[in-house]
2 protein chains.
Amino acid sequence: MSVTPSMLTARLPAPVPLDEQASCPVSGVFQRIGDRWTVLVLVLLNQRPHRYNELHRAMEGLSRRMLTLTLRSLERDGLVARTVFPTVPPGVEYELTELGRGLLVPLSALSDWAVHTASRIERNRAEFDARP
Amino acid sequence: MSVTPSMLTARLPAPVPLDEQASCPVSGVFQRIGDRWTVLVLVLLNQRPHRYNELHRAMEGLSRRMLTLTLRSLERDGLVARTVFPTVPPGVEYELTELGRGLLVPLSALSDWAVHTASRIERNRAEFDARP
DNA sequence: CGGTATCCATGGAGATACTG
DNA sequence: CAGTATCTCCATGGATACCG
C-alpha cells in the first residue's frame, strides 16, 4: 500500500477550521507542529541529515508508525526532504529543506523564551497549585 | 466544586515526558500551547483585556468548558491574570501578564513566518497529494 | 455572569505483526 | 532497512444541564 490521504490527515486535530487559520496564522502553525514529535524531529534534522532508524533510535518512546506519520507530514509540507538510496538493503535519508531551516529560526526564538522563563513558570505553577 | 488538579492537567497531551522537555524546550512550549485554542486566546488578550463571555462570543466553536480549561491553564502558568470584580452580577476580566506579553514576541516571529510561507506550503501539499 | 459536573463519541496513538 | 496494516484503548473535548 502507498500513502493514502487518510494516513496523512489522520494526525490532524480535527476538521481544520480554515477561517481560524486565516484570522490567526500562528494557530495554524501550532496545530500543525504542536504535537509530541514534530518539533523534536525538526531539531534532530537541523543537526544533520538522519536515516529512518537513526531517528527512531534517537527518540525514546516514538513508535515507527508515528515516526512515519510525522515524517510524511513534514515531507508533504516541504519542510523535510526524503531521499531513497536504491541500495540493498534500501537506505532512506531525511534532511531539512530550505523552508524547514527557515522555520527553525523563529523556533529558536521561541526556544530561547522557553529556556529563559522555564523556572519562572515552574514557580508560577507551584504557587497556583498551592492556593486554596 | 473548586479547581481540581485533574481539571488542570486534563488537557495536557499525556504524562508529560520531563526529560524530553529538558532536552528540547521548544517541544515543551508547543505541547503546552499547541492546542486548538490557547494561541487564539493569547492573541485576543494581547489586543486588550477581555471578559469571560466576551472571549466566548469572540471564538466561534469554543465551548465554555474548553475556554475555562484554557484560561485556567494560562493563569496557572502566569501568562494570564484573572481579576474578579465583586459586583452583582460578578464580572471577571482576563488580561496578559508581563510574562504573557513576552511570549507574544517570539510568537509574532512565528506568525510572520507562517504568513510568508503559507502559499508556498499550500503548493507543496497540493504537489505532494498529486503524486502517484 | 461565570463558571462546574457528568455523560459520551471520536479519533489519536501505542502494540503487534507482516512485507518488499 | 524502512516501512504498512490492523486492532485497540483511552484521553480529548463537545453537549447538556445545573449552580453561586
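Letters A, B, ... mirror the listed sequences (proteins, then strands); counts begin at 1.
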Tell me: NE2 of His50(A) to C1' of dC1(D), nearest whole Å?
-> 16 Å
Starting at atom CG of Asp35(A), determine the distance to atom P of dA11(D), rounded to an integer number of angstrom.
-> 19 Å
Rounded to whole angstroms, how far apart are CD on Glu60(A) and P on dA13(C)?
-> 18 Å
Nearest-Å distance, CD (Glu93(B)) to P (dG3(C))?
-> 12 Å
Do the rings of Tyr52(A) and Tyr94(A) sit parallel, tilted or perpendicular, given the 30° and 60° boundaries?
-> tilted
Asn53(B) CG to dG3(C) P, in whole Å, measures 9 Å
Under 4.0 angstrom between Tyr52(B) side-chain N/O and dT4(C) OP1 or OP2 | no
Between Glu75(A) (CD) and dA2(D) (P), how many Å, whole number?
-> 14 Å
Arg36(B) and Thr70(B) side chains, donor-acceptor separation under 3.5 Å | no
Distance, rounded to the nearest Å, where Leu69(A) contributes CG and dG3(D) contributes P | 12 Å
Would you list the pairs meeting salt bridge (charged side-chain N to carboxylate O under 4.0 Å, His left out) in which at least one residue belongs to residues 78-88 of chain B, sequence neighbours left out?
-> none
Shortest non-hydrogen contact between Arg125(A) and Asp77(B), atoms and distance = NE-OD1, 2.6 Å
Can any side-chain N or O of Thr117(A) pair as donor or acceptor with the backbone N or O of Arg120(A) at less than 3.5 Å?
-> no
Heavy-atom distance under 4.5 Å between the side chains of Asn46(A) and Leu107(A), does that happen here?
-> no
Just to confirm, is there a sub-4.0 Å distance from OP1 or OP2 of dG3(D) to any side-chain nitrogen or oxygen of Arg72(A)?
-> yes
Would the number of heavy atoms belonging to other residues, nucleotides or ligands and lying under 6.0 Å from CD of Glu122(B) be above 12?
-> no
N/O to N/O distances under 3.5 Å, protein versus nucleotides 14-20 of chain C:
{"unit_1": "dG14(C)", "atom_1": "OP2", "unit_2": "Ser63(A)", "atom_2": "OG", "d": "3.4"}

Looking only at side-chain N and O atoms, does Arg82(B) come under 4.0 Å of OP1 or OP2 in dG3(C)?
-> yes
Measure from CG on Leu71(B) to P on dG13(D) and round the result to the nearest Å.
-> 15 Å
